[in-house]
Amino acid sequence: MLDIHMFRDNQAQIRADHDKRGISHDKIDEVLKYDKMWLNLQHDTNQLRQKKNIAARGISEAKKSGDEAKAQAILAEVASLGAEISRLEAETQAAKEQRDTIRMSIPNILHPDVPEGDDESGNTVHSVYGEKPEFDFEPRTHNELIEMNKWVDLKRAAKIVGSRFFFLKGDLARLELALQNYAVDFIGNRGYTFVQPPVMMNRQAYEGVTDLGDFETVMYGIEPDKYYMIATSEHPLTAMYMGETIPEDQLPLRIVGVSPCFRREVGSHGQSDLGIWRVHQFTKIEQIVIAKPDDSWSIHEELLKNCVDLWNELGLHYEVVNICTGDMGTVAAKKYDLEAWLPGAGQYKEIVSCSNCTDYQANRLQIKYGQPGHANQPIVHTLNSTAVATSRALVAIIEQNQLADGRVKIPEVLVPLMGGQTILEPCQWG
RNA sequence: GCAGAGAUCGCAUAGCCCGGUAGUGCGGUGGACUUGAAAUCCACUGUCGUAAGACGCGGGGGUUCGAAUCCCUCUCUCUGCGCCA
């Protein structure tokens with residue numbers, strides 16, 4: 001959410017940004033309209049409150065001096081003021097709510113380097129790593145590989161929960177665990193503190209870190225407790241400091257988190273989403289940084305560097321893409337994606353997303369930094385980046401490292417974590 | 001899950017029984033004094049608002065002319081009991 005003062009004092013910047021994104025200014029105008037309405041209503045309400053407060057003070061005086069008639073007259077006046085105030089209070093509240101509901105849907109201000117474009121076709125390639133693997137056989141899709149090796153049981157998962165859930169079995173499940181350990185240690189060795197967050201959050205905290213629309217399409221709600229299953233550890237790890245002022249010398253706060261992620265994936269269908277590419281539950285190792293505004297852009301590059309180094313170690317071929325205006329979404333000011341080459345599918349697909357959210361989340365969460373004992377402290381910047389989403393990493397690994405017989409070569413850095421094993425063997429049953 | 005005790009302006013603490021402008025200490029900011037610093041003294045130090053002013057005592061609601069204070073409710077913390085990986 002953008003600071004309301006930005007609308008009042010610097011609306012030209014918001015308008016210029018909307019032009020870049022190619023969206024209309026209607027919402028900006030509405031925010032300004034309701035803000036003005038709210039300011040006026042607040043002023044009127046305050047005037048009446050003042051009148052009432054002054055009058056009410058006369059009651060005890062009148063009673064003390066024994067002037068019962070005067071006391072009754074004041075009581076009547078105060079009562080009618082009270083009714084009028086209640087009415088105005090309701091209007092004031094309504095105007096503010098309207099203003100903020102619209103304001104929350106207005107996207108973050110983009111970084112100047114974000115390329116302009118209408119959709120994902122406008123994304124630009126930032127850099128390319130590794131070699132596109134060559135095969136002397138027809139490479140299989142990950143879906144075929146998990147099927148023939150019995151590494152994943154989607155059917156029985158569908159039986160006990162629903163579609164897009166899965167049992168992960170045998171060597172592929174072991175590789176998943178190795179990836180978790182590998183990624184946590186890799187990022188941890190760069191000064192990031194390992195944190196395991198809760199996997200449910202309450203509504204209030206959740207509204208601070210996501211689009212309101214996500215409650216309908218992304219998150220699972222838990223009844224009767226009114227909790228939400230987290231869609232990524234970014235959410236609890238960013239909301240963790242909600243409403244707090246972090247001592248300046250503790251910043252930047254670098255965190256590497258691991259959690260299961262739960263996503264409803266409403267409305268997603270199609271060939272490209274088969275297998276375990278797009279699922280309702282997966283595990284993700286995430287980098288989170290809470291930083292001072294001056295540091296956030298260099299830390300954004302640091303997060304990307306961590307990803308690049310990690311994925312290079314895994315020996316995979318992928319591109320880094322600079323996401324364009326039309327493909328950005330509301331929260332990030334700038335976003336890099338890593339897109340791995342999937343030889344079975346014959347295309348590059350997203351495996352990592354690395355965002356600087358600047359003060360957009362922190363404004364709503366009211367996370368500030370500074371010296372303890374100070375009022376009116378500045379807002380922090382928040383950044384997040386996938387390190388490894390294990391299900392998608394598994395897809396990239398098995399497609400790029402597949403052998404003619406359908407088995408898979410294990411990336412060298414993971415061999416020690418697999419007890420020296422170098423090839424993923426099929427599961428014996430299923 | 002049950003019973004009891006709690007939540008007050010960054011931190012600590014008073015006020016609550018018995019309703020009437022939220023006080024004090026620490027921390028912070030500015031100033032005075034000082035060559036400089038410490039110490040000391042003075043002012044300011046929650047939120048919204050250009051301001052006037054309003055609002056603010058964990059959240060929400062109620063009673064009342066008026067609520068930190070009385071009532072209801074929710075959340076969280078502590079203590080004890082119960083249950084339990």
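Proteins come first, then strands; the chains are lettered A, B, ... in the order of their sequence lines, and each starts at number 1.
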**Request:** Could you give the distance separating U69(B) and U21(B) at their P atoms, to the nearest angstrom?
**Result:** 14 Å
**Prompt:** Does Phe282(A) have Arg263(A) sitting over its ring (NZ/CZ under 6.0 Å from centre, angle to axis within 45°)?
**Reply:** no
**Asked** Ile54(A) or Arg99(A): which one's nearest nucleotide on RNA chain B is closer to the 5' end?
**Response** Arg99(A)
**Prompt:** Quick one: is Lys52(A) getting a side-chain N or O under 4.0 Å of the G66(B) phosphate, OP1 or OP2?
**Reply:** yes
**Whole-Å C1' distance, G80(B) and U63(B)** = 35 Å
**Item:** Gap in Å between the two P atoms, one belonging to G58(B) and one to A12(B), rounded
**Value:** 14 Å
**Complete:** Separation of A67(B) atom P from Arg49(A) atom CZ, nearest Å, is 12 Å
**Prompt:** Are His5(A) and C48(B) close enough that a side-chain N or O sits under 4.0 Å from OP1 or OP2?
**Reply:** no
**Message:** Classify Glu77(A) by what it touches in the nucleic acid, base, sugar-phosphate, or nothing, heavy-atom distance under 4.0 Å.
**Reply:** nothing
**Asked** Is the count of non-hydrogen atoms from other residues, nucleotides or ligands lying under 6.0 Å from Phe186(A) atom CZ greater than 12?
**Response** yes
**Message:** Base, sugar-phosphate or nothing for Ile74(A)? Non-hydrogen atoms, less than 4.0 Å.
**Reply:** nothing
**Asked** Which heavy atom in Phe215(A) sits nearest to a heavy atom in Arg264(A), and how many Å separate them?
**Response** O-NH1, 4.1 Å
**Request:** May I ask you to say whether Asp171(A) pairs ionically with Arg407(A), meaning some side-chain N is under 4.0 Å from a carboxylate O?
**Result:** no
**Item:** Side chain Gln47(A) and base A52(B) donor-acceptor under 3.5 Å
**Value:** yes
**Message:** Is Asn53(A) close enough to A54(B) that one of its side-chain N or O atoms is under 4.0 Å from OP1 or OP2 there?
**Reply:** yes
